[in-house]
Amino acid sequence: MVSRNPHFAKLPAGYLFPEIARRRRALLEKQPAAKIISLGIGNTTEPLTPAITKGLVEAAARLGAAAGYSGYGDEQGLAALREQIAKVLYRDRISADEITISDGAKCDIGRLQILFGGKATVAVQDPAYPVYVDGSIIAGADSRLQYMPCLPKNNFFPDLSRLPRADLIYFCSPNNPTGAVADKAQLAELVEFARKNKSIIIFDAAYSEYITDGDLPRSIYEIDGADEAAIEVNSFSKSIGFTGVRLGWCVVPRKIKFADGTLVWQDWTRVITTLFNGASNIAQHGGLAALTPAGRRETKTLIAYYQENARLIREGLQALGIQLYGGVNSPYIWAHFPAQKSWDVFEKILNEAQVVTTPGAGFGPAGESFIRFSAFGHRADIQEAMQRLQNVLKN
Ligand code: MLT
């Protein structure tokens, strides 16, 4: 018989979101008429906007004619899309030939874990998006994982003076799950720490479009020297609703090298070309449409919709006297329930209000006693959920 890959035995039983979905199904089995509202997984709910839909539809139609048909595309992704990402989103701080187009940030994180392998030492924010830890464990890095606690008392920014050197530092801003956004001084400290230690930061900017405060950095490359120390992953999922369409990108600056002098970019493109055949050409044209002036305007409007949801959630929870974080330049609200277990609060909210949330403990030990509320939802559902919570969570 085939031996099981031993790393799988070291993982928590199941990935966080399928476990939440299992508990939701269990409630429905008990109460089939329950009208469950999800403020759980960060899954977009609003339709694609017109210019972006047009970009997708036209690209699909072109494939239906001999003159417009194309098969495999450029290995690193459509050149025009890479150029527009560099220009519109990075203001040419990085160049198009440092970008690879993908099917999403999560998938790129998995491929980066293959690139760096199981021997790389890893530091992660605690709490953190589970893919950093679970993916690292699958790659074999379990005993070398260091958690960097990010709590209200340190303004959700790790104390780097206490952090031993790690090869890879995962950092997400705006943060999933806490909603905290690192400012320029904090990111400069992180970049300086990485450069001093010859570490590589894997910067997850998947929620960067939610930053409306002009003083906050949307990309790590707004920090001098970051192109020597940071890889950035990002995606169109949460900005233009491509959670199902699938489109993302990864920036691997040419200045980043391994200890033996090999460019990280060289091995990264080896991973991409060996294990991935590129993002859907239709999706890439949708991404291109999103970067036109009309697409950018529509993106702003869509983001404003979810931000208003976040405001309503904050207002509703604040009325209950709950201590809150995030939810301003981020679609996630991080609510504190002192002295309570987050899975217990999750169950109470699910069973009594029929609202799905995400228990903080699912994001790491420092997430205990917190609940994450997601602002992705139809407005009427958000309003209804907040009404139900007024009854269930009042003291
Ligand atoms: C989340 O809810 O944390 C995210 O939606 C999950 C993801 O983006 O994969």
Side-chain angles (χ1 to χ4, degrees), residues 11-12 14-24 36-46 102-113 124-136 138 150 156 170-181 202-210 232-250 279 283 302-303 306-307 309-310 313 325-327 329-335 342-343 346 349-350 355-364 366-367 370-378 381-382 385:
L11 286 168
Y15 187 59
L16 175 62
F17 294 105
E19 171 58 21
I20 291 170
R22 190 189 66 72
R23 292 182 189 223
R24 174 195 175 124
I36 297 179
I37 297 175
S38 178
L39 306 183
I41 189 165
N43 197 4
T44 47
T45 54
E46 301 313 296
S102 73
D103 49 350
K106 181 185 195 172
C107 319
D108 273 337
I109 292 165
R111 285 185 283 262
L112 287 168
Q113 285 159 343
V124 287
Q125 286 162 292
D126 177 20
Y129 180 39
V131 178
Y132 314 144
V133 171
D134 289 7
S136 298
I138 291 172
C150 293
F156 299 100
Y170 285 92
F171 199 91
C172 177
S173 178
N175 188 264
N176 178 9
T178 65
V181 187
I202 298 181
F203 189 76
D204 185 344
Y207 299 93
S208 56
E209 293 281 355
Y210 286 81
E232 183 166 300
V233 293
N234 206 325
S235 130
F236 287 97
S237 288
K238 314 295 164 115
S239 56
I240 61 170
F242 269 24
T243 40
V245 176
R246 310 302 311 148
L247 190 67
W249 70 91
C250 180
L302 188 61
I303 297 271
Y306 292 125
Q307 277 169 331
N309 283 353
I313 296 172
Y325 305 91
N329 292 285
S330 153
Y332 295 129
I333 295 100
W334 192 234
S342 43
W343 276 109
F346 166 87
I349 295 176
L350 178 62
V355 172
V356 179
T357 58
T358 308
F363 296 101
F370 286 88
I371 287 284
R372 190 193 76 176
F373 291 85
S374 154
F376 295 106
H378 301 309
D381 288 342
I382 301 281

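All values derive from a computational prediction rather than experimental measurement. Atoms within each ligand, like the ligands themselves, are counted from 1 in listed order. Just the heavy atoms: all of them, side chains too, but no hydrogens, waters or symmetry mates, feed the values below.
- In this model, a donor atom of one side chain and an acceptor atom of the other lie less than 3.5 Å apart for Asn234 and Ser208.
- Protein heavy atom at the shortest distance from atom 5 (O) of ligand 1 is Lys238 NZ, 2.7 Å.
- Between Phe363 and Phe370, the distance from one ring center to the other does not fall under 6.0 angstrom.
- For ligand 1, the polar-atom distance check finds an N/O of Gly42 within less than 3.5 Å of one of the ligand's N/O atoms.
- Contacts between Tyr332 and ligand 1, counted as non-hydrogen atom pairs separated by less than 4.0 Å, involve the side chain only.
- When each atom of ligand 1 is checked for a heavy atom of Ile41 under 4.0 Å away, the hits are 2 (O), 5 (O).
- Checking Trp334, Phe156, Phe373 one by one against Tyr325, the ring-ring contact (aromatic ring centres under 6.0 Å, His included) holds for a single residue, Phe156.
- Between Phe242 and Ala283, the shortest heavy-atom contact is CE2-O, 3.7 Å.
- At a heavy-atom distance under 4.0 Å, only side-chain atoms of Asn176, from C-beta outward, approach ligand 1.
- The single protein non-hydrogen atom nearest to atom 9 (O) of ligand 1 is Tyr129 OH, 2.5 Å, given as residue, atom name and distance.
- The minimum heavy-atom distance linking Arg111 with Asp103 is given by the pair NH2-OD1, 2.7 Å.
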